[in-house]
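So the structure is just underneath, and the comments pick up after that.
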Protein chains: 6
Amino acid sequence: MRVVTFGELMLRLAPPGYERFAQTGSFNAAYGGGEANVAVSLAGFGAEASFVTKLPAHEIGQAAVNSLRRYGVDTRYIARGGSRVGIYYLEKGASQRPSKVIYDRAHSAIAEAGPADFDWDAILDGADWFHFTGITPALSEAAASLCADACKTAKAKGLTVSCDLNYRKNLWTREKAGQVMGALMPQVDVCIANEEDAADVFGIHAVGSDVIQGAIRREGYQAVARTLAERFGLSQVAITLRESLSANDNNWAAMLYDGTTCYFSKTYPVHIVDRVGGGDSFGAGLIYGALTGLDAQSRLEFAVAASCLKHSIEGDFNLVTAEEVRRLARGDASGRVQR
Amino acid sequence: MRVVTFGELMLRLAPPGYERFAQTGSFNAAYGGGEANVAVSLAGFGAEASFVTKLPAHEIGQAAVNSLRRYGVDTRYIARGGSRVGIYYLEKGASQRPSKVIYDRAHSAIAEAGPADFDWDAILDGADWFHFTGITPALSEAAASLCADACKTAKAKGLTVSCDLNYRKNLWTREKAGQVMGALMPQVDVCIANEEDAADVFGIHAVGSDVIQGAIRREGYQAVARTLAERFGLSQVAITLRESLSANDNNWAAMLYDGTTCYFSKTYPVHIVDRVGGGDSFGAGLIYGALTGLDAQSRLEFAVAASCLKHSIEGDFNLVTAEEVRRLARGDASGRVQR
Amino acid sequence: MRVVTFGELMLRLAPPGYERFAQTGSFNAAYGGGEANVAVSLAGFGAEASFVTKLPAHEIGQAAVNSLRRYGVDTRYIARGGSRVGIYYLEKGASQRPSKVIYDRAHSAIAEAGPADFDWDAILDGADWFHFTGITPALSEAAASLCADACKTAKAKGLTVSCDLNYRKNLWTREKAGQVMGALMPQVDVCIANEEDAADVFGIHAVGSDVIQGAIRREGYQAVARTLAERFGLSQVAITLRESLSANDNNWAAMLYDGTTCYFSKTYPVHIVDRVGGGDSFGAGLIYGALTGLDAQSRLEFAVAASCLKHSIEGDFNLVTAEEVRRLARGDASGRVQR
Amino acid sequence: MRVVTFGELMLRLAPPGYERFAQTGSFNAAYGGGEANVAVSLAGFGAEASFVTKLPAHEIGQAAVNSLRRYGVDTRYIARGGSRVGIYYLEKGASQRPSKVIYDRAHSAIAEAGPADFDWDAILDGADWFHFTGITPALSEAAASLCADACKTAKAKGLTVSCDLNYRKNLWTREKAGQVMGALMPQVDVCIANEEDAADVFGIHAVGSDVIQGAIRREGYQAVARTLAERFGLSQVAITLRESLSANDNNWAAMLYDGTTCYFSKTYPVHIVDRVGGGDSFGAGLIYGALTGLDAQSRLEFAVAASCLKHSIEGDFNLVTAEEVRRLARGDASGRVQR
Amino acid sequence: MRVVTFGELMLRLAPPGYERFAQTGSFNAAYGGGEANVAVSLAGFGAEASFVTKLPAHEIGQAAVNSLRRYGVDTRYIARGGSRVGIYYLEKGASQRPSKVIYDRAHSAIAEAGPADFDWDAILDGADWFHFTGITPALSEAAASLCADACKTAKAKGLTVSCDLNYRKNLWTREKAGQVMGALMPQVDVCIANEEDAADVFGIHAVGSDVIQGAIRREGYQAVARTLAERFGLSQVAITLRESLSANDNNWAAMLYDGTTCYFSKTYPVHIVDRVGGGDSFGAGLIYGALTGLDAQSRLEFAVAASCLKHSIEGDFNLVTAEEVRRLARGDASGRVQR
Amino acid sequence: MRVVTFGELMLRLAPPGYERFAQTGSFNAAYGGGEANVAVSLAGFGAEASFVTKLPAHEIGQAAVNSLRRYGVDTRYIARGGSRVGIYYLEKGASQRPSKVIYDRAHSAIAEAGPADFDWDAILDGADWFHFTGITPALSEAAASLCADACKTAKAKGLTVSCDLNYRKNLWTREKAGQVMGALMPQVDVCIANEEDAADVFGIHAVGSDVIQGAIRREGYQAVARTLAERFGLSQVAITLRESLSANDNNWAAMLYDGTTCYFSKTYPVHIVDRVGGGDSFGAGLIYGALTGLDAQSRLEFAVAASCLKHSIEGDFNLVTAEEVRRLARGDASGRVQR
């Protein structure tokens, strides 16, 4: 069971606790990025996970590599070179004050990487699954082209391909996103999205939803999933459903459409420690569930329980075991001390 | 748009996190005080704000000055000399355990300052607004006299004068407070108070309120505001309304009486990071709203949204921009990540 | 008013904040253990409290001793020698992620102590109360035997003896626990337990309770208390009632049976800072209430208020004064700042 | 073997590491003061040590008491009341940048204490030695009077009395110091001083010394010791000899005059971790040496080795055992790892 | 006395203590850059100092501005816009392990700034001195052009212009540096350099020096200074002389050529806390000395003493007062505690 | 180039900075152990390094595994099970105060491991070198037996076997060590020792050395090396030579005997950040030098330079690259900043 993910790994700089950028005299330093987060989750579940990117040869690049090795991710295929590790600054919100992300990722090594950096045939050899997100092709034309290469090779080798739409308005326009992602989707089998991604990228709106107010209309998302599946010939579409009560408290659930039926998960009221990477941990859960043969509802519940736990963990990475996820999915949400 | 505030700036020593005084091996060091907090808020909104006090010439005094310069407050008129920076120790409460403040502010430089330290005519030149709180005259007879000088000069020069009653039982008795504040009020245009201040200082009780139990009776506060306005010829009276559910969770709202009508704000359920300075941030919002020409309801909503956000920020200072306040006042309280 | 408690004092190693074991680069170091926690509580209330254990002669052993001296516990009777300070690793849970405790306490000095280490006649001289928990006899055969010696001496000298059942499945089986504890109970006057202890140790089940689901059936616990009291001739049985909503939020209450009547306390919704030692702080409150002559309901409310406050304090020790407990027991749960 | 010391215990606020006051956002919080430091040293050596002072009843006062209890000092005779815990701010120097101390100790509880706070007859009962420093009488007229009472009672009860001159120019003038200390010296048996104290307090100069340049002239100090001994009928005079090469590196030695002979210790080149309390740790070593019957040279070497070690320890307190001191005094200064 | 400096202000990310990049989980965050460091030094001495740069409008840009305001630097003329705050990562060396700097400054706001961002006529109005370093023109063609504009305006308005050569091999080649700097030098009055800059930028070698081995040949530097002065018509040339014994210990001195005579300073053995910004603090001292009318030797000694102290201070900024510098320059290098 | 090392990996708990055990409220948590340290060094140099041990299946065991993966060590062959991760407490010394190590390693998983845990044939397959230290066989009879199995298999498969004598007096007596190690030495090719090991384990004394006084007699060590080589048929013997000037400053060198000649390295004066693991980093350098074909003198200089750098790095692990070592070995010991 081997999964390959491809994308950017950034340095994440976050003031301690609830300090604002204006106050802080230090940053907690961690590393993260959509596809790397998925790889760490999968390694934690016990799967073989390879993460592919390009990072500078210098010490900060090495520290980024180490952050993955530490949690068991295979880093053999990370190309080394280029000049920058992309950065994102993260200020944690509280109560009515939102968390704030400032990106400083332009000109990163992966954004400037080229086809010579990756031998997809070798990288994907023996793998079962290839995963990327909509962030990777948004990094640069070159990165989009690398994504296309990877997808094609993956399909040719019979891998399942999943994509988390993950629209980032700072990286490209809706128009550009729709065009590039539209060209990649034919290679994709499993599509993951949050409530807004399908609308942002493909103009597919969930009628009646209003994200800011937190009202989630489940019916609308079923229609979105069906439309996505039909338009791109997807075998599965998953949508995460976040209700944002405040920066501290969210409700978290998801739905999965398997081409026939729409399954809805339990809803978890989460008291947030760190919500960055929540969607990625969901994707990882879904992939793991699929690879371990869970049925649609179980797969969905595993993925939602995994991402529910992510919200309780500092950093982008979802450092939980499959057994911890199963315990929650089985219903033990009491948080009682385990001795 | 220039505002001058006058009062004490203290060193604030708080154990990290939820540590009790008995446990701690370190203190987070910040600076704060009612009028300085207002100045920092205003500078953050983009107004020109001057803070006036006296601080020792030594390095701790300088660090106090620096804490204001950092956030853009004009510190030109801070007199230097005297021997002590006043201190307050702050232990953050949680759940049913209340936060605890121990004051060690007697004999501070400002408490022992005299008329030679401040040239009010120069200080207030070109200013639009003068603000102080009931803490300043409570520091010493000399400080009360300085306050009176400042108020008189301000009125003579046509400034608007605002006062936050801010009764502190450790500094003076109710009787003394009533007498001294009563003498200052004729110069005051805008009076700010919490639910208990009017009763403590002037014996004006809100019938039916019971602070400890958290039951807030809005009608009673209307009567209090009207009585205050009439007794002292005030053009505006604002009262903050805090419902203390626990040390972690409060409801926060306010009312504003403009001589004719009582306006009530939205109520925010706040999950507290640090509630010290909550009232000051309200006052600053009210002043900023007035100076930027907002109508009464908008001014009130701006002030309440500003102080709502303050509860999510470590330290006395409300480090938010006017735009952040407006976004909340417009209704976006979901705390969703901003990228 | 002098209380003697006997048990193990462990080094507690906890990652800062909500970090997982897998992430951390440091541990907050504190000391704790059921009976030591009771002693610290009592010393904080103003009682004379002696804690008896054995600790290595080296510097870590000394640091353990110092952690008690700091809070006023009498450490004269702590034997020094042996090779290990027992350790427990504690990872703080959040939301649906439970806290996790890993014990590394085998072969500790107290587990390997013998009768030559303690002169119970001298230790208990002039004392009013002896307290231990079900953890101490579970440490080793030798420790169980020391417990028996202490209980016998205590009874012979006319002390009240209390025992918190505190079943630890890592230390012994239910069968072994039932047998050893059953032999000690005849010397016990006051028995303290949580919802599960009576079932685990003595097979006495509260019909209809289901801990995981958080449904607490009060009627069932009354029957448990009566059965315990009758079987072992106890004068008092207290049971703590925790409803675990999540790792952050619990409801907390207790009941006390005095041989005639079952008293139920108020229920506190607690927002948790650190729940380890919650039961111990309840026991200490009950002992203090008894020694200061409170009636059954007041004693219970004091004990529950004390342990409610414990949940807001980092570390095993309940660092509160009797006056702070009384204020909460009297009804001030608003958490308003005290200046 | 019981020693009583009397003086002030201050809160010590020091920025972490080498941060300057202007930079810091936190203070390491510890407690210290000449006579308390001596008491902690003695308790660490295994002697019974009581420290006498007055501290506020509030939590910061309690934390100060706890800081002594933790290290085994008897705090029974500490009076509680008054309003302030004295403070000193400490910025650690490096290389050519000197350490800086800012005192904020006026109006502390002990400075405002009176005769009703201390029952010297009870306090000194059963004690062998009484120790104070020149700081205590400098705090206030009242404190000087308390010192005189303590000295008189101590002499009447047959205790040995020691005094460390410890001149503090911020507390009093040389003239005032000379007058007050001159009146106390007749009760003193053992006088401790640094190179400058005798000159500052009594105008007794060591010919040829030049402290700033680090040139230490041993002959001159012999004359100082003899003059002191003769003028005040002292049985012993000890002078510490510090050669300040930089804020990081000092040479440290001392001499002891026993009425007949001048003994000189070894000189230690110390690489400084924290030099505050260096003199106090010397005094404690001298007292311990005397009480355990060491001859003059051994006593001196013990005291110098103890204070040499102090320079390697953070905080005012010399947290070493007598065995550690003996090992160094015996000649093992290699700093090799002990396993 | 007003000085204007122009250049880049970077975010400085340094692991705590001696941690390597590979180990760290956090970065101390400060801001620094050659010309900003000079401005902070001058403000600390009491001069009016304006720093000119461009910084993004976002919160990290604001934090950079605040870092200067805090220490009294005038930030009015900082243009806001662009996308990046330049970054440098700093790993502190120890013993034989060198400190390591990784730059991530390409595409910063100032590197991409243009003439519309700065109105040099207004900025330099009323100023006495303009200072820049060889880093600024190395940032980009546009920055070099801005530098040229500033120099021309400065000369036209009669300011003294100083330049620290500060060659950075990562930013440009020796050839390019020589060409660009050569074109700027005619506007420069005072040139500052370290032992290698003149050779790197202008090919002027100090015969016989060998930096790696630490052997400093004073004669050679005199020739370098004379050559520089003659070639570019400079009124003063200053060269700092660092002898690197290890990452912890350096010898530090400098020479000043005033067109006639070469003055050499005292040499300070420095035990390093943080040596970044050492050269900048020397430059600031020299400017301050000139503006306050010190003679050549005194000016040099002031500058060297200032930069000696810098080595004892964490961060890029030399947070010392003129009085502290004077005390050291007068000869008090003992590092004795100042109370 | 693949090296396998076998031993214990302990949790290392060290108070921050120079805090003593008695003071600390936290421990820096790292992992270390002689053979693991060698593996990390080798991985850092770019070699393939496998570390073999047994660690509990729980989270602390996993964190130990992760600490190696992070730095690129192959952890495939680590057996999981048992109950304890061994611990050592480390207090860092300063000046004359020695560092202190308290071991708490009895009953660790590896001490209680058995032959079923390791398939040496598979583990050593394809490896070039096997390394262990005298600590591993000292852990338990079972561990000694595992060591013997490993050595035999290694020899049978044609690997080079190296052993660092590393005598630990807390684990076994000199007699026992001599007997067990003597039986293992016939399989050993390369023996590494410090100045005392040969005497402690085999009674081979270096005439004239006196470690405490720091006088190192090189001649004596030559004789020791020759005797060791002859007695056990070793091809190489290396001895590290540490001169302990203080806890902060050591001189560091080594010698290598290749059966014919004794080579002596350069001596480095090291200013210590952390000296634990110094010997291990030397061993790793020697192995790497041998595997990369360096001649005897170069191998020795590489090893000494590597271990010199180790003293500047926090933690047990020598986190340096081969290029960094080479730079120092080539003679650049100036510690100048690298940009």
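Computation of the quantities below employed the complete heavy-atom set of this structure, encompassing side-chain atoms and omitting hydrogens, waters and symmetry-equivalent molecules. The chains referred to below are lettered A, B, ... by the order of the sequence lines, with proteins before strands, and numbering in each begins at 1.
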Give the C-alpha distance, both sets of side-chain angles, the deciding distance and a yes or no for side-chain contact (heavy atoms from CB on, under 4.5 Å) between F:Arg84 and C:Arg84. CA-CA 13 Å; F:Arg84 293 200 65 217; C:Arg84 295 199 65 218; 3.1 Å; yes

Could you tell me which portion of [X] (side chain, backbone, both or neither) has an atom closer than 4.5 angstrom to a non-hydrogen atom of chain C?
X: F:Gln62; result: neither
X: F:Phe21; result: both
X: F:Ile102; result: side chain

Tell me whether the rings of C:His107 and F:His107 are parallel (<30°), tilted (30 to 60°) or perpendicular (>60°).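 Rings of C:His107 and F:His107: parallel, as their planes differ by under 30°.
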
What is the distance from atom CZ of F:Phe27 to atom CD1 of C:Ile60, rounded to the nearest 0.5 Å?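 Answer rounded to 0.5 Å: 4.5 Å.
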
If you measure from NZ on F:Lys100 to CD on C:Glu59, what distance do you get to the nearest 0.5 Å?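 CD of C:Glu59 is found 4.0 Å from NZ of F:Lys100.
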
Test applied, side-chain contact (heavy atoms from CB on, under 4.5 Å); reference residue, F:Asp104; option that passes from C:Leu11, C:Ile87, C:Val85: C:Ile87

Answer key: most heavy-atom pairs under 4.5 Å with chain C among F:Pro56, F:Pro15, F:Ser26 is F:Ser26

